[in-house]
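Residue numbering restarts at 1 for every chain, and letters A, B, ... go by the order of the sequence lines. Quick note: numbers below take in every heavy atom, side chains included, and nothing from hydrogens, waters or symmetry partners.
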Amino acid sequence: MSRSVVSEIRRNHINELLRKGARMDGRGPLDIREISVETGVIDTAEGSARVRYGDTEVLAGVKMAIGTPFPDTPDKGVLTTSMELIPMAHPDFESGPPGGDAIELARVVDRGIRESGMVDVGKLCISPGEEVWMCFLDIYAINYDGNLFDAAALALVAALKTATVPASNFDKGEDFPLPITCLPVTVTVAKIENTLIVDPTFDEEMVSSARLTVTSDENGDIRAMQKGKSGSFTVDEISEIVDLAREKGEGIRKIIG
Amino acid sequence: MSRSVVSEIRRNHINELLRKGARMDGRGPLDIREISVETGVIDTAEGSARVRYGDTEVLAGVKMAIGTPFPDTPDKGVLTTSMELIPMAHPDFESGPPGGDAIELARVVDRGIRESGMVDVGKLCISPGEEVWMCFLDIYAINYDGNLFDAAALALVAALKTATVPASNFDKGEDFPLPITCLPVTVTVAKIENTLIVDPTFDEEMVSSARLTVTSDENGDIRAMQKGKSGSFTVDEISEIVDLAREKGEGIRKIIG
Amino acid sequence: MSRSVVSEIRRNHINELLRKGARMDGRGPLDIREISVETGVIDTAEGSARVRYGDTEVLAGVKMAIGTPFPDTPDKGVLTTSMELIPMAHPDFESGPPGGDAIELARVVDRGIRESGMVDVGKLCISPGEEVWMCFLDIYAINYDGNLFDAAALALVAALKTATVPASNFDKGEDFPLPITCLPVTVTVAKIENTLIVDPTFDEEMVSSARLTVTSDENGDIRAMQKGKSGSFTVDEISEIVDLAREKGEGIRKIIG
Amino acid sequence: MDSDIVMVDEKGKRADGREADELRPMKIEAGVLPNADGSAYLEIGKNKVLAAVYGPRECHPRHLQDPTKAIVQCKYNMQSYSVGDRKRPGPDRRSVEISKIISEALESVILTELFPRASIDVYIEIMQANAGTRCAGLSAASVALADAGIPMRDLVPSVAVGKADGKLLLDLNKEEDNFGEADLPLAIIPKTDEVVLLQMDGHMTKEEFDAAMKMGVAACHQIYEMQRDALRRRYSVTEEEEVEE
Amino acid sequence: MDSDIVMVDEKGKRADGREADELRPMKIEAGVLPNADGSAYLEIGKNKVLAAVYGPRECHPRHLQDPTKAIVQCKYNMQSYSVGDRKRPGPDRRSVEISKIISEALESVILTELFPRASIDVYIEIMQANAGTRCAGLSAASVALADAGIPMRDLVPSVAVGKADGKLLLDLNKEEDNFGEADLPLAIIPKTDEVVLLQMDGHMTKEEFDAAMKMGVAACHQIYEMQRDALRRRYSVTEEEEVEE
Amino acid sequence: MDSDIVMVDEKGKRADGREADELRPMKIEAGVLPNADGSAYLEIGKNKVLAAVYGPRECHPRHLQDPTKAIVQCKYNMQSYSVGDRKRPGPDRRSVEISKIISEALESVILTELFPRASIDVYIEIMQANAGTRCAGLSAASVALADAGIPMRDLVPSVAVGKADGKLLLDLNKEEDNFGEADLPLAIIPKTDEVVLLQMDGHMTKEEFDAAMKMGVAACHQIYEMQRDALRRRYSVTEEEEVEE
């Protein structure tokens with residue numbers, strides 16, 4: 001996400017359009033691209049989803065196994081989130097272990113899931129201190145055209161929502177749906193000059209000075225946030241973004257609800 | 001094995017000779033270099049062998065220890081093969097973890113041993129699901145002048161054939177010979193222009209377009225194969241190579257038999 | 001410690017001064033810089049010390065946990081020493097896993113502690129073969145101006161001397177002082193042209209041809225040595241250095257005694 | 001090897017209803033990823049595979065550059081959830097070997113000498129695995145290369161021939177593979193029937209081997225037709241789109 | 001979340017005696033390391049943090065060079081003994097993320113365009129940790145940058161606002177953090193109150209969030225004063241020393 | 001340390017029949033590997049060691065080049081089956097340290113200033129280990145350097161002096177080393193008796209140390225003769241071969 005440079009001409013074009021309230025792909029500043037969500041796409045996964053935000057495409061899969069809990073949470077299942085920016089998804093992505101961008105993405109998506117209590121990990125204990133369900137939440141970027149935060153978060157939420165705990169495979173009784181308590185939704189807003197835009201494309205990300213990612217729940221409460229890039233926001237802008245994220249989040253929630 | 005380039009003059013010389021049915025070192029196309037096999041060369045190993053194919057020299061050692069079996073084969077010992085192309089062996093080899101060439105070599109040699117059932121892993125179980133013999137099969141290229149596949153495979157077969165299970169060291173009764181069922185032999189054929197040659201040297205490997213490695217057993221049956229390099233073989237050539245490998249393999253088997 | 005080069009002028013200046021028995025910072029050849037030792041500087045560590053030799057500054061911390069002993073020493077606690085040359089400490093130090101210099105430093109400091117029997121590891125056994133105290137001895141170079149060997153060794157000795165075994169945290173009875181038997185002290189002598197100097201600065205290390213590090217105990221006996229760099233010592237020089245190290249060591253021992 | 005398991009019934013049908021020499025149902029789509037220079041999606045049985053091509057582009061790292069031709073760098077990757085037990089992300093020894101032999105097979109058909117110093121990068125992602133992923137990946141990759149407009153002598157269809165219950169069976173699925181006695185993945189250049197990828201493990205007589213090669217080559221020609229169909233569909237769709245504009 | 005734990009007593013005092021909006025005792029010293037171009041030592045509560053700056057200097061590795069400006073590379077590192085259970089040396093995912101957001105926050109105030117192709121390297125070492133180390137590290141780092149004479153628009157004070165027992169509490173210590181319901185670290189440019197670092201996890205209503213932002217910004221101004229004091233002390237000491245010579 | 005173990009009997013003989021100051025049986029052969037520029041095989045007691053030299057050649061990676069002289073890069077490696085419990089392949093901390101001190105010792109005699117920017121690469125492989133491998137490796141490496149025709153001031157013989165049962169014993173074998181009280185590996189330049197490698201661990205009085213140094217230096221001279229014999233044999237064989245042609 002760092003090597004690419006947008007040409008000066010394209011940069012100017014994006015800026016000029018935005019001053020008139022328009023974007024390259026015809027959207028208004030606060031419009032989100034068409035979202036598509038397909039679940040159950042991977043038979044070998046306990047839950048899976050393929051999500052598109054325009055040309056950005058992400059695949060998330062949930063695998064489960066039995067393991068030992070952490071000593072400080074002996075009666076809780078374990079969630080582990082990873083994100084891979086595979087080189088298939090963009091000419092700038094390289095092979096190798098996850099770099100800073102992929103790690104930040106995984107951690108921000110993970111916090112949205114974890115802090116909202118979306119997965120009821122208390123119900124994933126088999127035998128306290130000994131056996132709990134380990135959930136591996138793996139996300140692959142398939143095609144990157146901006147806003148991986150929101151696409152990755154939505155793919156993972158959709159995969160979890162439709163996941164089944166494979167208890168019978170492990171002789172632990174009948175399979176049951178992964179216990180879900182709520183549907184956190186993540187919305188990212190970027191700042192270009194002094195305009196706030198929702199769901200930035202790759203080119204818009206390159207031109208933007210700062211980004212704010214907000215995860216909110218059904219009540220409109222805030223569960224996680226992450227500011228990115230070396231620009232800044234005013235306190236008022238932040239408050240406005242949070243409201244935007246809560247409002248837009250409600251719409252997105254309906255897609256997977 | 002990738003950085004070296006053979007000069008145009010040498011390449012032409014090899015090609016011209018071969019068109020007359022001759023090779024740089026005086027061999028005919030289907031002749032194998034002089035093979036020497038010494039076993040029991042490493043006191044600290046449970047079995048060992050030093051094998052030379054002309055100037056290509058390889059050292060193989062077998063170490064054994066007690067470990068837990070894989071869950072899906074609870075009553076079977078475990079074989080693990082590694083190959084190191086140490087920088088001592090050739091100016092192109094570099095320090096560091098095994099690269100693609102070393103990994104392919106180890107896996108092809110391993111398949112020959114494993115698929116032929118040479119080691120009777122069923123007799124390497126001490127207590128089902130709990131304790132089995134782990135066999136570490138480690139091969140080091142000492143000097144590389146082509147055809148590491150065959151030299152490595154022969155060194156490992158000779159080391160295994162003469163290996164002793166060190167049961168008394170682990171208070172598991174008396175030592176006994178590693179249970180061996182057959183002697184798979186590996187023969188590699190390379191293609192230069194339209195000529196097939198057996199046991200290529202380094203220069204011949206550089207000039208060749210494709211390679212086929214075939215492991216066969218006492219009955220002349222095929223146990224493993226691996227085609228290499230970006231050239232191709234016709235179906236007829238492959239059939240011819242398989243026959244060659246079975247015939248040459250019989251001769252080599254007598255050396256270690 | 002390898003990339004830096006001292007300018008020819010500075011090199012000549014150091015050499016000329018030394019021929020007159022003087023050093024850049026006013027010391028005589030056998031003088032040690034002012035040493036400061038602060039212990040108990042890290043609350044989260046079981047023992048800690050911050051040591052300065054002039055501008056060279058080092059931080060050592062001891063952490064303890066319960067673990068399983070090595071099979072060949074079932075009734076002994078375990079010591080593990082690491083040294084990090086963090087990039088904060090010198091413009092030549094780079095991020096990443098410890099390189100050759102850091103590994104040599106850690107191993108030499110470790111040998112001084114281990115071979116002197118300073119820590120009575122026999123008293124760190126909780127249940128033979130099952131539970132012993134693991135001691136992690138971690139040293140960070142904070143500012144590097146030469147002679148890390150002596151500063152690191154002294155910081156670690158001071159940290160160990162003041163360490164407490166946190167038994168109560170692990171429900172293993174009352175806390176008790178880490179059992180200490182002696183105070184090994186490490187002294188490094190460098191050779192510049194034919195002069196021996198004690199406690200070299202960074203510039204002096206760069207100019208020196210060889211280094212000898214000697215760890216001695218209260219009785220003046222030798223516990224560990226390490227020669228470094230590509231120069232040489234005569235046998236007589238070595239004998240002289242050992243005497244110097246024993247004598248200087250006694251003085252340093254008083255600081256932490 | 002367990003004699004209770006029957007791979008082929010008395011009528012010569014396999015458990016999934018296939019004949020001995022029948023491929024699993026297969027589907028190929030070209031041009032599925034917007035960013036890549038070429039791409040393809042392939043399903044065969046329960047395998048789901050994506051292939052993407054970037055290049056010819058600057059070769060990175062530089063020391064791999066060849067002044068006489070482009071190098072072909074394939075990375076085969078199994079996604080963590082593609083198999084029964086979760087696979088740890090990142091390359092393992094198996095995927096390193098598969099990447100190498102697929103690179104070699106593709107290099108045999110690409111006109112690499114047209115692009116000195118360049119790299120042609122091929123990425124194969126196994127989304128869902130059910131035996132035969134290396135062949136599925138290679139078949140998909142050659143379609144992706146064609147979609148990228150890389151000049152090639154031909155496509156490279158690939159399939160494995162197996163042996164189970166003492167019988168040669170085309171294109172083993174996972175259940176068959178688990179009890180199989182041999183596996184022989186191969187890939188050919190259909191125009192000439194040259195073999196560019198070949199591996200074998202297990203136990204085959206020479207006669208079985210010759211028969212297996214024959215069965216594999218024939219099946220490659222079937223796959224070749226499906227590869228060409230996918231490219232034709234892709235091309236005609238593009239034409240229509242262009243007409244619409 | 002355990003209702004027996006009382007974070008704030010009936011008089012509004014916290015367990016360590018602080019008011020809800022009170023910082024822990026804080027101490028900053030600039031210029032503590034001889035080798036670094038700039039450095040600072042900072043204590044806040046039981047946190048002990050060192051920051052050092054090298055640069056502007058040649059950017060290494062080269063492919064990271066930017067021809068239009070300096071890049072800011074921060075490495076945040078927790079020393080192994082700084083926490084309850086020994087931390088394995090080397091970077092983990094948490095420290096990679098923190099290093100990234102601190103780099104971005106610092107870049108927002110450094111006049112990087114003055115030093116094309118250069119690197120400004122910032123090292124933060126956590127010697128002792130007790131909640132709030134990323135904010136402590138960032139506050140220290142910006143003092144170290146000033147000490148190094150790097151041209152900046154302003155300093156960057158940073159602090160976290162927490163929520164525990166349903167109440168907003170400034171600058172949580174470890175005990176409070178363990179039972180906290182939310183944490184919101186932030187950093188500002190005091191001259192303009194622009195926010196350059198912001199994270200949140202936990203559970204806050206919009207109203208709580210707005211109040212927390214207010215509390216955090218106000219506390220940053222307090223820290224800003226201490227940062228400026230540290231630099232003034234450093235500067236005056238240097239002057240005295242220079243006079244003495 | 002166990003008093004039941006007797007290292008030296010009443011007649012001053014060791015368990016393997018050696019005198020206190022006697023080396024184990026030793027054998028050196030130069031020029032054993034066709035590809036390397038120089039090589040040597042060395043056995044001492046049950047140690048079996050190969051050394052190979054490549055260079056002077058281009059230094060790789062480049063940033064290690066020294067414009068004033070060649071650098072000497074030694075890699076000491078224990079093969080996995082060389083010891084009782086299998087050693088995991090790849091460098092560990094011990095081998096990194098040993099590689100470093102052997103590189104330094106060899107650099108002390110090589111006329112590196114004749115080959116600016118070059119690298120002289122020395123590879124030591126321990127095929128079978130029985131105490132004293134670093135000294136065996138260094139002794140072999142200096143023969144390999146001479147075999148490669150690298151200009152040197154002298155060879156570098158190396159041996160360890162041990163202490164067991166309170167007595168100084170030359171060249172400990174594994175059984176003695178396991179119960180030893182001290183170990184002192186050293187290497188010298190025989191022409192001048194300069195010491196170029198020296199380590200010690202254990203417990204020695206100053207008097208013991210001085211005596212141990214004396215014993216070690218004397219033994220190095222014995223090894224020196226065997227090194228020169230090996231090179232003479234290698235040279236004469238080559239001459240004969242040349243005459244035969």
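Looking at D:Leu197, only its backbone comes within 4.5 Å of chain B, counting heavy atoms on both sides. Proximity to chain B is limited to the side chain of D:Val217, based on heavy atoms less than 4.5 angstrom apart. Heavy atoms of B:Arg223 lying under 4.5 Å from chain D belong to its backbone as well as its side chain. Of the two parts of D:Asp193, only the backbone, made up of N, CA, C and O, holds a non-hydrogen atom closer than 4.5 Å to a non-hydrogen atom of chain B. B:Asp217 touches chain D through its side chain: at least one heavy atom from C-beta onward sits under 4.5 Å away, while N, CA, C and O do not. Contacts between D:Val195 and chain B at a heavy-atom distance below 4.5 Å involve backbone atoms as well as side-chain atoms. Residue B:Arg114 does not touch chain D at all, counting heavy-atom pairs closer than 4.5 Å.
The CG atom of D:Leu172 sits 10.0 Å away from the CD atom of D:Glu181 when rounded to the nearest 0.5 Å.
In this structure, D:Arg228 forms a cation-pi arrangement with D:Tyr224, its terminal cationic atom sitting closer than 6.0 Å to the ring centre and no more than 45° off the ring axis.
One side chain, D:Ser95 or D:Asp92, offers a donor N or O that lies under 3.5 Å from an acceptor on the other. Side chain to side chain, B:Asp138 and B:Ser82 meet the donor-acceptor criterion of an N or O pair below 3.5 Å.
Comparing B:Thr234, B:Val235, B:Ile238 by heavy-atom pairs within less than 4.5 Å of chain D, the highest count is held by B:Ile238. Ranked by heavy-atom pairs under 4.5 Å with chain B, the first of D:Glu207, D:Met213, D:Lys214, D:Lys206 is D:Lys206. Residue with the most contacts toward chain D among B:Glu104, B:Arg107, B:Arg111: B:Arg107 (heavy-atom pairs, distance under 4.5 Å). Of the residues considered (D:His203, D:Gln199, D:Met204, D:Lys100), D:His203 shows the highest number of contacts with chain B, using heavy-atom pairs under 4.5 Å.
More than 12 heavy atoms of other residues, nucleotides or ligands sit less than 6.0 Å from atom NZ of B:Lys229. At most 12 heavy atoms of other shown residues, nucleotides or ligands fall within 6.0 angstrom of atom NZ in B:Lys76. A 6.0 Å sphere centred on NZ of B:Lys123 holds no more than 12 heavy atoms belonging to other residues, nucleotides or ligands.
Although no hydrogens or angles enter the test, the distance criterion places a donor-acceptor pair under 3.5 Å between the side chain of D:Lys87 and the main chain of D:Gly90.
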